Number of protein chains: 2
Amino acid sequence: MKHIKFYSDGSCLGNPGPGGYAAILCYQSHDGQEHEKTVEGYQANTTNNQMELQAVISGLRALREPCQIDLYTDSNYLKNGITSWIHQWKRNGWKTSNKKPVANRDYWVELDALARNHQINWHWVKAHNGHIMNERCDEAARKQAYLAKEQSQA
Amino acid sequence: MKHIKFYSDGSCLGNPGPGGYAAILCYQSHDGQEHEKTVEGYQANTTNNQMELQAVISGLRALREPCQIDLYTDSNYLKNGITSWIHQWKRNGWKTSNKKPVANRDYWVELDALARNHQINWHWVKAHNGHIMNERCDEAARKQAYLAKEQSQA
RNA sequence: GGACACCAACUUCG
DNA sequence: CGAAGTTGGTGTCC
């Protein structure tokens, strides 16, 4: 299996508001060369957490084969959601611990389906704390968010 | 009641670092003459916001009777803090909206006690935007900050 | 009650 | 260009 380092981040101006996301995927080909692929996009009206989810969903969609992935996010919501909370949600009909419907259910379902094809190690990194790749994702996602803002003003 | 125009500003080299503050108080005596009083000072290690608070505290301390004051500051932090946020802080045990302890609590408590003796109209003015008196305060406060720096180097 | 993130605003500086 | 001092708010979960 290819081993991939997968960095992701989302941004949302105003929250809710125009948002963007970015994922950077790094891997080595057979001859030992480093490769890097960036996946990014934006949405006119969204939330910070939706963009964090979308970043990973879009990155995983770009993979054509099962991979072993080290995935880095600064979102506790995202990491805990997919590694822990989701098991309970599937069991209890997608209810929060306060019995309210889980938000962003569609995103979680799609993320779960995509993640199933790979072996993912989830890593949480603190935002704006000197992690170079996380900061690159942050900048790319923010740039996309500003694109979304311009589009919606035009 | 005496009517006073009260201009204040703070400065802090490095932030945190050596800082200074200045308040300029203008009023008319009975015979219609204009008077002006400047209060200033410095501190070896402080923050920009502490100096903004200290400027007003020191100016108010200089008053010997209750006055009607038009007070001008360029600090949104200062104006919103004393006119709006402080009510919630007193109610909830001085917690920030993120549940962390409010910073500079001692300054806020003293400012609140002093302000209570007067009738103050708070005005926010944009910094470095041509307001003559605000710029005079700015220069005086900066001068004090450099004094603090010299002292700490000596 | 806790945690993470996303923003908004002002100021102070380097 | 960069960071720090500070606050308010929302998105989300346990």
Side-chain angles (χ1 to χ4, degrees), chain A residues 8-21 45-53 55 73-89 94-105 107-108 124-130 134-135 137-138 141-142 145-146 149, chain B residues 8-21 45-53 55 73-86 88-89 92 94-105 107-108 124-129 134 137-138 141-142 145-146 149:
Chain A
S8 77
D9 200 15
S11 163
C12 180
L13 306 176
N15 192 31
Y21 61 87
N45 199 291
T46 184
T47 69
N48 64 326
N49 291 327
Q50 282 172 9
M51 289 297 94
E52 302 275 6
L53 284 156
T73 174
D74 60 25
S75 170
N76 215 315
Y77 172 69
L78 175 55
K79 186 196 169 189
N80 288 337
I82 197 63
T83 64
S84 157
W85 304 332
I86 199 174
H87 306 115
Q88 177 63 15
W89 296 338
W94 295 86
K95 295 290 185 244
T96 249
S97 71
N98 308 323
K99 283 117 182 168
K100 289 196 291 212
V102 168
N104 305 319
R105 175 171 167 177
Y107 290 84
W108 289 115
W124 175 81
V125 298
K126 183 157 183 54
H128 314 114
N129 203 31
N134 181 259
E135 273 164 28
C137 279
D138 183 73
R142 177 114 89 257
Y146 279 107
K149 190 173 182 177
Chain B
S8 77
D9 200 14
S11 162
C12 182
L13 306 175
N15 194 33
Y21 60 87
N45 198 291
T46 184
T47 68
N48 64 326
N49 291 327
Q50 282 172 11
M51 289 298 94
E52 302 274 7
L53 283 157
T73 174
D74 60 27
S75 170
N76 213 314
Y77 172 69
L78 175 56
K79 187 197 168 189
N80 287 337
I82 197 63
T83 64
S84 159
W85 303 333
I86 197 172
Q88 176 65 12
W89 296 340
N92 73 0
W94 295 85
K95 294 289 185 246
T96 246
S97 73
N98 309 321
K99 287 121 184 171
K100 289 195 293 212
V102 168
N104 305 318
R105 175 172 168 175
Y107 289 84
W108 289 115
W124 175 80
V125 298
K126 182 154 184 56
H128 315 113
N129 203 31
N134 180 260
C137 277
D138 183 72
R142 178 114 86 259
Y146 279 107
K149 190 173 183 179

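Predicted model only: the values in this text are computed from it and were never measured. A note on names: the letters A, B, ... follow the listed sequences, proteins ahead of strands, and every chain is numbered from 1.
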Participant: Round to the nearest Å and state the distance from A:N98 atom CG to D:dC13 atom C1'.
Facilitator: 9 Å

Participant: Distance-only, no hydrogens or angles: does the B:N92 side chain make a donor-acceptor pair with backbone N or O of B:K95 under 3.5 Å?
Facilitator: yes

Participant: Between A:R142 (CZ) and C:C6 (C1'), how many Å, whole number?
Facilitator: 9 Å

Participant: Which listed nucleotide (D:dT6, D:dT12, C:A5) is nearest to the side chain of B:A103?
Facilitator: D:dT6

Participant: Grab the CG-P distance between A:L53 and D:dC13 for me, whole Å please.
Facilitator: 11 Å

Participant: Just by distance, do the side chain of A:W124 and the backbone of A:D74 share a donor-acceptor pair under 3.5 Å?
Facilitator: yes

Participant: With no angle test and no hydrogens, is the base of D:dT6 tied to the side chain of B:N49 by a donor-acceptor pair under 3.5 Å?
Facilitator: no

Participant: Using a cut-off of 4.0 Å on non-hydrogen atoms, how would the nucleic acid contact of B:T96 be classed: base, sugar-phosphate, or nothing?
Facilitator: sugar-phosphate

Participant: If I compare all heavy atoms of B:G10 with all of B:E52, which pair ends up nearest, and what's the gap?
Facilitator: N-OE1, 3.5 Å

Participant: Would you say B:T47 reaches D:dT6's phosphate, i.e. side-chain N/O to OP1/OP2 under 4.0 Å?
Facilitator: yes

Participant: Tell me what A:T73 touches on the nucleic acid: a base, only sugar-phosphate, or nothing, going by heavy atoms under 4.0 Å.
Facilitator: nothing

Participant: Classify A:N134 by what it touches in the nucleic acid, base, sugar-phosphate, or nothing, heavy-atom distance under 4.0 Å.
Facilitator: nothing

Participant: Between A:T96 and A:N98 (side chain of the first, backbone of the second, donor and acceptor by atom type, cut-off under 3.5 Å), is there such a pair?
Facilitator: no

Participant: Which nucleotide wins on minimum distance to the side chain of B:N48, given the candidates D:dC13, C:C7, D:dG5?
Facilitator: D:dG5

Participant: Which nucleotide in the set C:G2, D:dA4, D:dT6 lies at the smallest distance from any side-chain heavy atom of B:P16?
Facilitator: D:dA4

Participant: So what does A:G81 touch, heavy atoms closer than 4.0 Å: a base, only the sugar-phosphate, or nothing?
Facilitator: nothing

Participant: Which of the following nucleotides, D:dT7, C:G2, D:dG9, is nearest to the side chain of B:S97?
Facilitator: D:dG9

Participant: Send over the distance from B:K95 NZ to D:dG8 P, rounded to a whole Å.
Facilitator: 13 Å

Participant: Could you check how far CG of A:D138 sits from P of C:C4, rounded to whole Å?
Facilitator: 17 Å

Participant: Using the side-chain heavy atoms of A:D9, tell me which of these nucleotides is nearest: C:U11, C:C7, C:C6.
Facilitator: C:C6

Participant: State whether the distance check finds a donor on one side and an acceptor on the other, under 3.5 Å, for side chain B:N15 versus base C:C13.
Facilitator: no

Participant: B:K99 has a side chain; which of C:C6, C:G1, D:dC14 sits nearest to it?
Facilitator: C:G1

Participant: In terms of the nearest nucleotide of RNA chain C, which residue is placed more toward the 5' end: A:S11 or A:N76?
Facilitator: A:N76

Participant: Using a heavy-atom cut-off of 4.0 Å across all strands, would you classify B:W89 as base, sugar-phosphate, or nothing?
Facilitator: sugar-phosphate

Participant: How long is the line joining CG of B:N104 and P of D:dA4, in whole Å?
Facilitator: 17 Å

Participant: For the pair made of CG in B:L78 and C1' in D:dG8, what is the distance, rounded to whole Å?
Facilitator: 16 Å

Participant: Considering non-hydrogen atoms only, spot the tightest contact between A:S11 and A:R142 and give its length.
Facilitator: OG-CA, 3.6 Å

Participant: Roughly, in whole Å, what's the span from CH2 in B:W124 to C1' in D:dT7?
Facilitator: 15 Å

Participant: How would you label the contact of A:G10 with the nucleic acid (heavy atoms, under 4.0 Å): base, sugar-phosphate, or nothing?
Facilitator: sugar-phosphate

Participant: Does A:E135 reach the main-chain N or O of A:G130 with its side chain, forming a donor-acceptor pair under 3.5 Å?
Facilitator: yes

